[in-house]
Amino acid sequence: MHHRGPGHAVQPGHRRRRRLHGRRRAMTDPTGTVRTRFCPSPTGTVHVGVMRAALYNWAYARHTGGTFVLRIEDTDAARNTAESERHLLDCLRWTGLDWDEGPEVGGPHGPYRQSERSDVYREVVAKLLSAGHAYESFSTPEEVTARRVAAGQDAKLGYDGADRFTTDAAKAAFRAEGREPVIRLQMPEADLSWVDHVRGEVRFAAGAVPDFVLVRGNGSPLYTLVNPVDDALMGITDVLRGEDLLPSTPRQLALYAALTDVGVATATPRFGHLPLVMGEGNKKLSKRDPQSDFDVYRERGFLPEGLVNYLALLGWSIADDRDVFSPEELAAAFDVDSVSANPARFDLKKAEAINATHLRALPVADFVARVTPFLTAAGLVTDPPTVEQQRVLEAIAPLAQERMIVLSEAVGLLAFLFVDEVEIDPAAAEKQLSGPESAEVLDAATDALTALDEWTTPALEAALKQALVEELGRKPRQAFGPVRVAVSGRTVSPPLYESMELLGRERTLARLAAARARTGT
RNA sequence: GCCCCCAUCGUCUAGCGGUCCAGGACGCCGCCCUUUCAAGGCGGUAGCACGGGUUCGAACCCCGUUGGGGGCACCA
């Protein structure tokens, strides 16, 4: 593979300018191989935007021959559950995003769950405090707001730095009245800027970001502390995350400078802020939106490689004339520096089209293996399938495969082959099984097929065409519509003759009779 | 309100100053194929938000306007 890790010569192309600007970085660039991370907070459903971020981190690590780290950010005990974490890991595995370090696989920088790292944070905070980068702050949120308002300012400006120089005596007095301080980082006086992988140089003016809280009054650490500390300790070189976190980057930069000063960090990672995944109506795809739940795609029978392909397309393209590719091709080609800065709307239609392409490209045996669990879950085939069920499945698979978008559709499309009596879709019956014309067609078909001695696809085709098209004079769509519905229960089915052959003479004739009875003539 | 990000077909994108009266994909429309529905093949529809610069030349660079989005917690 072509390695283009940081520190290497810049590649041709427009992204070069970002790298060149990078020369002006004030802080130390990471050196060595790329280390990316995915650090979800397991709080319930898995969001597609979050999985896209995981995918890009994985792909960048794989592309550069680097390391992909998984870390669980469960500092908010009230919102995180073991069940959610299991589910998250399961989603990652299903998607094929294997991690080199993290829960269940270990690694040299563990533990990889923040709930197990309290001692680490305590130690770091002590260093920050004694070096004067952080301080105890006794102001309550109400007091801060009151001060802003009194000064005629917008309360949204946030904390005002009033406690930076609280004396020991004053602290003692606050403690005496039962107050517990939060610990804040003292922000530097200089502008904070970085060269973003996706956006180029981004700059925040000095003073624009208030001293922020690192540790709660009750002593528990916050994300604002823990996330950069762990990135530093785990040697993360490239932080690729959603654009919604971009405004917090100045704080991280300031913290990194402090961490470097006290010897906890050796370098500041590069950042890449990925475009947001939008839902309908130009809004960030929220957790409330059913479209955002990663599970629904799995359950509908999206292929992992199909979903990976589509998710990768949300902000990136592999070439100007192609958009279908495998996870391996993604890993080989992916470069964060060519990720688009535009927000991307999740387009279900396109996701389905991409998935359908992958589905059709599957070797038949593979397709059968993947579709079987869906049929089993629906109670159509046993687990494992019987020899006969397997035979039918393998025979119909190539025909079914090319008319499906997701695996779950196999249930509706193939059910008729695995039951004695087919359940007829009312709308289909209304359309094809009512009136004397339908009765006539079904009668003619029944006669022709009863007389048929060879029950094969070519024989069935010849007999039906002869009886319905030639003798009855029906147009093909009028001739075969009723027969199709009678046999399969739907207006959409695998090819008719093949289906009838697989179904066998007895069940086919029984269904024609049953349908004939419904015509009401 | 303040800070930040973004701006090419309806959607996702290619485009990196001339090779662009802007390419691909999804969608949509039409035709072909055809036993339904698909698939497949062929063709079509549709876009550089606006205004100023810079330049011999701008979708591409700069500034502004407008529009959209995100963030402003003792959540992550």
Sugar-phosphate only, base, or nothing, as touched by Val483(A) at under 4.0 Å among non-hydrogen atoms: nothing
Any Lys349(A) side-chain N or O less than 4.0 Å from OP1/OP2 of rC28(B): no
side-chain N/O Asn342(A) vs rC6(B) OP1/OP2, d < 4.0 Å: no
C1' atoms of rC33(B) and rG41(B), separation to the nearest Å: 8 Å
Sugar-phosphate only, base, or nothing, as touched by Met404(A) at under 4.0 Å among non-hydrogen atoms: nothing
5' precedence on RNA chain B between Pro494(A) and Val213(A) (nearest-nucleotide basis): Pro494(A)
Touch class at under 4.0 angstrom, heavy-atom based, for Ala344(A) against every strand present: sugar-phosphate
base_contact_polar (rU13(B) base, Arg322(A) side chain, donor-acceptor, <3.5 Å): no
Asp230(A)-Tyr121(A) side chain donor-acceptor pair, cut-off 3.5 Å: yes
Sugar-phosphate, base or nothing in reach of Tyr223(A), heavy atoms under 4.0 Å: base
Sugar-phosphate only, base, or nothing, as touched by Arg345(A) at under 4.0 Å among non-hydrogen atoms: sugar-phosphate
Interatomic distance at C1', rG69(B) relative to rG43(B), whole Å: 38 Å
Sugar-phosphate only, base, or nothing, as touched by Gly158(A) at under 4.0 Å among non-hydrogen atoms: nothing
Test of ring centre spacing under 6.0 Å for Tyr159(A) and Phe212(A): no
Donor on one side chain, acceptor on other, His273(A) and Arg241(A), under 3.5 Å: yes
Distance-only side-chain donor-acceptor flag, Arg184(A) / Ser137(A), under 3.5 Å: yes
rC2(B): pairing nucleotide in any strand, Watson-Crick or G-U under 3.5 angstrom: rG71(B)
Any Arg216(A) side-chain nitrogen or oxygen under 4.0 Å from OP1 or OP2 of rC75(B): yes
Touch class at under 4.0 angstrom, heavy-atom based, for Tyr497(A) against every strand present: base
Base rC37(B) to side chain Arg403(A), donor-acceptor N/O within 3.5 Å cut-off: yes
rG40(B) versus rU65(B) - spacing of their P atoms, nearest Å: 48 Å
Touch class at under 4.0 angstrom, heavy-atom based, for Ser317(A) against every strand present: sugar-phosphate
N/O donor-acceptor pair, side chain Arg490(A) with base rU36(B), under 3.5 angstrom: no
Pairing partner of rU54(B) (Watson-Crick or G-U wobble, both distances under 3.5 Å): none
Between rC21(B) and rC3(B) - C1' atom distance, rounded Å: 42 Å
Asp74(A) side chain to Ser115(A) side chain, donor-acceptor N/O pair below 3.5 angstrom: yes
Arg251(A) side chain near rC4(B) phosphate (N/O to OP1/OP2, under 4.0 Å): no
Gap between atoms CG and P, on Asp154(A) and rG71(B) respectively (whole Å): 17 Å
Integer angstrom distance from the C1' of rU34(B) to that of rA49(B): 45 Å
rA59(B) and rC72(B), which share atom name P, separated by this distance in whole Å: 39 Å
pair His358(A)-Arg360(A): side-chain heavy atoms closer than 4.5 Å: no
Sugar-phosphate, base or nothing in reach of Leu496(A), heavy atoms under 4.0 Å: base
Sugar-phosphate, base or nothing in reach of Glu402(A), heavy atoms under 4.0 Å: base
Sugar-phosphate, base or nothing in reach of Leu245(A), heavy atoms under 4.0 Å: base
Same-atom distance (C1') from rG44(B) to rC6(B), integer angstrom: 32 Å
Tyr310(A)/Phe346(A) aromatic ring centres below 6.0 Å: yes
C1' atoms of rG47(B) and rA25(B), separation to the nearest Å: 15 Å
Any Thr140(A) side-chain nitrogen or oxygen under 4.0 Å from OP1 or OP2 of rC74(B): no
Complementary nucleotide for rA49(B) - Watson-Crick or wobble, under 3.5 Å: rU65(B)
Lys350(A) vs rG27(B): side-chain N/O to OP1/OP2 distance below 4.0 Å: no
Sugar-phosphate only, base, or nothing, as touched by Gly242(A) at under 4.0 Å among non-hydrogen atoms: nothing
Touch class at under 4.0 angstrom, heavy-atom based, for Val182(A) against every strand present: base
